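Heads up, the thing below is written out as structure tokens.
Note that this is a predicted model, so its numbers are computed, not measured.
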Amino acid sequence: EVLHSSSPDPLRQTLQSVQSNRQEEIRATIQALNLRQLRKAMSVLRSAEIIEIEATDNSLPVAMDASLKLGGLGKRCMTSAVAAKAKAFAATLTERDALLLISCDSRSERLLDTAREHGAAILLITCDRRSPLAAQADHLLLASNRAQRIVDTDPAPSLLSSALLVEVLYYLLLTGEDLS
């Protein structure tokens, strides 16, 4: 039996809403990129001997992906889900190294002080330009966070725009083009 309905399929509407929201999140992230900061971040990543890539909150999958991608390009990278290990490794960073911190909520400061003490450059991917972490980072890349538009009760921020910025960094390092 085939049911004919004049109303649109609610599942299709939900899928289209998710698609539209994610497309807008990607557009907003790319549009808001500060090209000067991006160029400086690329310079730091190109010259860094070691890159520690860490995450706060639920951003660990993005940090692990970044470590795999940049490591695949021959960069010496480290990431850890264990906070004590990450902090201990940050204590070994020097002015020739970098800390790439990925944080959707930008509330954790556990690695910044340690990395800064040893002179490592600090790059931050975040959704919150007014956070304490953003004020302390040497280089700031802002990600859009539009997750709350889809589900009002979902407190977890979207990882899409942070992952997109990792893709941008990876692509720019992969191509090796001087875009200055």
Side-chain angles (χ1 to χ4, degrees), residues 1-42 45 51 53-73 77 79-83 86 99-111 122-137 139-175 177 179:
E1 174 179 340
V2 176
L3 297 176
H4 296 284
S5 172
S6 60
S7 64
D9 184 343
L11 179 57
R12 173 74 53 208
Q13 287 180 318
T14 300
L15 292 172
Q16 288 173 339
S17 175
V18 170
Q19 176 186 356
S20 175
N21 186 280
R22 295 307 185 216
Q23 287 172 333
E24 176 56 23
E25 184 174 346
I26 289 169
R27 187 203 59 74
T29 297
I30 294 296
Q31 186 175 22
L33 267 176
N34 179 316
L35 297 183
R36 190 167 102 339
Q37 282 294 316
L38 180 58
R39 284 185 176 100
K40 287 180 179 181
M42 290 305 303
L45 293 174
I51 305 169
I53 305 168
E54 296 299 337
T56 63
D57 50 68
N58 69 338
S59 302
L60 184 60
V62 179
M64 294 178 131
D65 182 54
S67 185
L68 288 170
K69 280 183 167 66
L70 299 184
L73 295 175
C77 298
T79 192
S80 178
V82 179
L99 171 65
L100 172 58
L101 186 59
I102 301 167
S103 176
C104 290
D105 70 6
S106 300
R107 306 273 186 262
S108 173
E109 298 180 30
R110 64 184 164 94
L111 300 174
I122 299 170
L123 295 86
L124 175 64
I125 293 176
T126 184
C127 299
D128 186 0
R129 81 175 61 225
R130 293 180 299 272
S131 75
L133 288 182
Q136 296 178 50
H139 307 285
L140 179 65
L141 298 175
L142 288 172
S144 175
N145 182 5
R146 304 182 64 80
Q148 297 303 325
R149 287 186 57 214
I150 293 179
V151 181
D152 293 333
T153 60
D154 182 8
S158 168
L159 299 179
L160 178 64
S161 43
S162 295
L164 173 65
L165 291 176
V166 167
E167 288 290 327
V168 167
L169 295 172
Y170 171 76
Y171 174 78
L172 293 174
L173 287 170
L174 176 67
T175 61
E177 295 179 39
L179 303 171

Look up atom [atom1] in [X] and atom [atom2] in [Y], then write down how far apart they are to the nearest 0.5 Å.
X      : Y      : atom1 : atom2 : result
Gln13  : Ser20  : CD    : OG    : 12.5 Å
Leu70  : Leu169 : CG    : CG    : 7.0 Å
Gln19  : Glu24  : CD    : CD    : 13.0 Å
Leu38  : Leu165 : CG    : CG    : 8.5 Å
Met42  : Leu35  : CE    : CG    : 12.5 Å
Ser162 : Asp65  : OG    : CG    : 11.5 Å

Could you point out which residue of Val166, Ile102, Ile125 forms a side-chain contact (heavy atoms from CB on, under 4.5 Å) with Ile53?
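In the set Val166, Ile102, Ile125, the residue that makes a side-chain contact (heavy atoms from CB on, under 4.5 Å) with Ile53 is Ile102.
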Mind checking what makes side chain to side chain contact (heavy atoms under 4.5 Å, CB included) contact with [X], not counting sequence neighbours?
X      : answer
Arg36  : Asn34, Lys40
Leu142 : Thr126, Arg129, Leu140
Leu174 : Leu73, Tyr170

How close do [X] and [Y] get, heavy atom to heavy atom, and via which atoms?
X     : Y      : result
Leu60 : Ser80  : CD1-O, 4.2 Å
Cys77 : Gly71  : SG-N, 3.8 Å
Thr29 : Ser161 : OG1-CB, 3.0 Å

I'd like to check [X] versus [Y] (side-chain heavy atoms, cut-off strictly below 4.5 Å). Are they in contact?
X      : Y      : result
Leu141 : Leu123 : no
Ser103 : Leu133 : yes
Leu124 : His139 : no
Arg22  : Val18  : yes
Ile122 : Leu100 : no

According to side-chain hydrogen bond (donor to acceptor under 3.5 Å, both in side chains), who are the partners of Gln31, at least two apart in sequence or on a separate chain?
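Only Arg27 meet the side-chain hydrogen bond (donor to acceptor under 3.5 Å, both in side chains) criterion with Gln31.
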Can you name the side-chain hydrogen bond (donor to acceptor under 3.5 Å, both in side chains) partners of Glu167, sequence neighbours left out?
Lys69
Output, in order, the C-alpha distance, side-chain angles, deciding distance and verdict of side chain to side chain donor-acceptor pair (under 3.5 Å) for Ser144 and Glu25.
CA-CA 6 Å; Ser144 175; Glu25 184 174 346; 5.5 Å; no
